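I have placed the structure first, in the form of structure tokens, so that the comments after it can refer back to it.
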Amino acid sequence: MIDIAVIASTPHLTGLSTAGSIDMALTHLVLTQPAQAAHFAARSRAGVRVVLDNSAYELEDSTGQGMSAESVLGAAHLINPAVVICHDVLYDGPATVAATRGFLTQAADLAEPGQFTYMAVPQGRSRREWLDCHAQLAAMPGVGMIGLSKLSVPRCFAGPVAEARLDCLAALTCSGPPPLPVHLLGGDRSLIWELRQHHDRGYDRFITGNDSSFAFWYAAHDLPADALTGRAERQAPNKPNLHDHVLDPARLAAAHRHVNLLRQAAGLAPLPAESTIEQEAAWR
């Protein structure tokens, strides 16, 4: 079983984001949108496992790296997540090792010992650089989990996200299970197929979770996932609008269908279908 976090825009935090088995919060939204901070703080208090991302994917085109330790840990103290993602530098293994080490040093001063589990995200420009980065991060004191990026892994393992991550995990497991639990960061049009593959190959023994805006953003662009193949026809364009995009009732229903396909592929029980009244209430 792989836990699923459904990333959705602020208007759909209550009706769609909560359809996952865990939550993913994004630092830049927690710090700029009070509704996001309040939502994820309440979810943490309710016992939901919340992962706090450093927003590196969202900042890819502007800074090329995750937000600073001060920003991420500031957001962490607002919502009290279970897992916090360390600072990484996209496509740069040595810089990511240094950034992660610096993040953990600052975290030692800004957080109580044991308050959070820290996830490190290997980076690189080549397969060798990525595997080198992974080995150093996995051995670093204070790192408790490894995140597989949907950006660097495809570049380093020369394939689409789903296929590249399967190739990556085959390399990591050639001598046994990975040294630390793994989290799948994001996904592409084949995410449902990918989750099925992880289950079939037994990787869900050490993959603890996945987060994605797939359910929300592919529905927003009328790109349904094929239930048999586990793939959408093509990639959804652009990065998702997580600020204020609202799905109409038909697209919201499609998003919930995507959620159930993701849950089933991950080995989770499907959720009851929402009634038309519930869907329209969420839309309004």
Side-chain angles (χ1 to χ4, degrees), residues 1-58 66-67 69-86 107 110-112 114-119 144-145 147 183-186 208-217 219-220 240-247 252 255-256 258-260 262-263 266 268-275 277-284:
M1 183 189 78
I2 299 173
D3 277 312
I4 296 295
V6 179
I7 299 176
S9 63
T10 301
H12 292 291
L13 286 178
T14 301
L16 185 57
S17 176
T18 55
S21 56
I22 60 174
D23 282 2
M24 171 64 88
L26 304 178
T27 291
H28 73 291
L29 294 178
V30 169
L31 293 179
T32 60
Q33 295 201 16
Q36 291 261 345
H39 172 81
F40 290 112
R43 295 283 283 173
S44 292
R45 288 193 299 272
V48 177
R49 183 176 175 83
V50 178
V51 180
L52 177 64
D53 192 22
N54 63 23
S55 299
Y57 171 70
E58 288 72 24
M67 297 186 74
E70 291 86 354
S71 295
V72 175
L73 291 164
H77 285 293
L78 287 175
I79 67 171
N80 194 32
V83 179
V84 174
I85 299 182
C86 300
L110 298 173
E112 297 176 13
Q115 184 176 4
F116 308 121
T117 296
Y118 293 105
M119 183 193 303
M145 294 180 68
H183 179 92
L184 306 171
L185 293 160
T208 62
N210 165 252
D211 65 271
S212 176
S213 59
F214 178 96
F216 163 71
W217 201 232
N241 172 4
L242 300 176
H243 293 272
D244 54 12
H245 190 91
V246 176
L247 301 176
L252 184 59
H256 279 284
H258 288 165
V259 170
N260 267 331
L262 288 165
R263 290 180 64 97
L268 299 167
L271 295 175
E274 283 194 328
S275 68
I277 293 174
E278 288 172 324
Q279 290 174 0
E280 290 181 353
W283 179 55
R284 289 171 183 158

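None of these values were measured; they are calculated from a predicted model.
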Roughly how far, to the nearest 0.5 Å, is the CG atom of Leu271 from the CG atom of Asn260? 5.5 Å
Parallel, tilted or perpendicular: rings of Phe116 and His77 (30°, 60°): perpendicular
His258 side, atom NE2; Arg263 side, atom CZ - distance, nearest 0.5 Å: 15.5 Å
Nearest 0.5 Å, please: how far is CD1 in Ile85 from CG in Asp53? 4.0 Å
Could you check whether any side-chain N or O of Asn210 sits under 3.5 Å from a backbone N or O of Ile4, counting only pairs where one atom can act as donor and the other as acceptor? no
Strictly distance-based, threshold 3.5 Å: is any side-chain N or O of Ser17 a donor or acceptor partner for the main-chain N or O of Val6? yes
Any side-chain to backbone donor/acceptor pair from Ser55 onto Thr27? Under 3.5 Å, distance only. yes
Hey, does the side chain of Ser213 reach the backbone of Ile7 with a donor-acceptor pair shorter than 3.5 angstrom? no
Quick check: do Phe216 and Val259 have side-chain heavy atoms less than 4.5 Å from each other? no
Nearest 0.5 angstrom please: His12 NE2 to Thr14 OG1, how far? 10.5 Å
Heavy-atom pair with the smallest gap, counting every atom of Val83 and Arg49: CG2-NH2, 3.2 Å
As an exercise, state the distance from CD of Gln36 to CG of Leu29, rounded to the nearest 0.5 Å. 4.5 Å
Using modelled atom types only, decide if a donor and an acceptor are shared between the side chain of Asp23 and the backbone of Val48 within a distance under 3.5 Å. no
Search all heavy atoms of Ala8 against all heavy atoms of Leu16 and return the closest pair with its distance. CB-CD2, 4.0 Å
Student check: side-chain heavy atoms of Leu268 and Met1 closer than 4.5 Å: yes
Shortest non-hydrogen contact from Leu247 to Ala255? CD1-CB, 3.9 Å
In this structure, CG of Leu52 is separated from CE of Met24 (nearest 0.5 Å) by 8.0 Å
If we only count heavy atoms from C-beta on, is the Asp211 to His183 side-chain gap below 4.5 Å? yes
Pick out which of Val30, Leu31, Asn54 makes a side-chain contact (heavy atoms from CB on, under 4.5 Å) with Val72. Asn54
Would you say Asp3 and Ser21 are linked by a side-chain donor-acceptor pair, where the criterion is simply a distance under 3.5 Å? yes
Within a strict 4.5 Å, meaning less than it, do heavy atoms of the Leu242 and Trp217 side chains meet? no
Smallest separation among heavy atoms of His39 and Leu13, with atom names: CE1-O, 3.4 Å
Is Ser9 reaching over with its side chain to a backbone N or O of His245, donor-acceptor style, under 3.5 angstrom? yes
All heavy atoms of Ala25 vs all of Ile79, minimum pair found to be CB-CD1, 3.7 Å
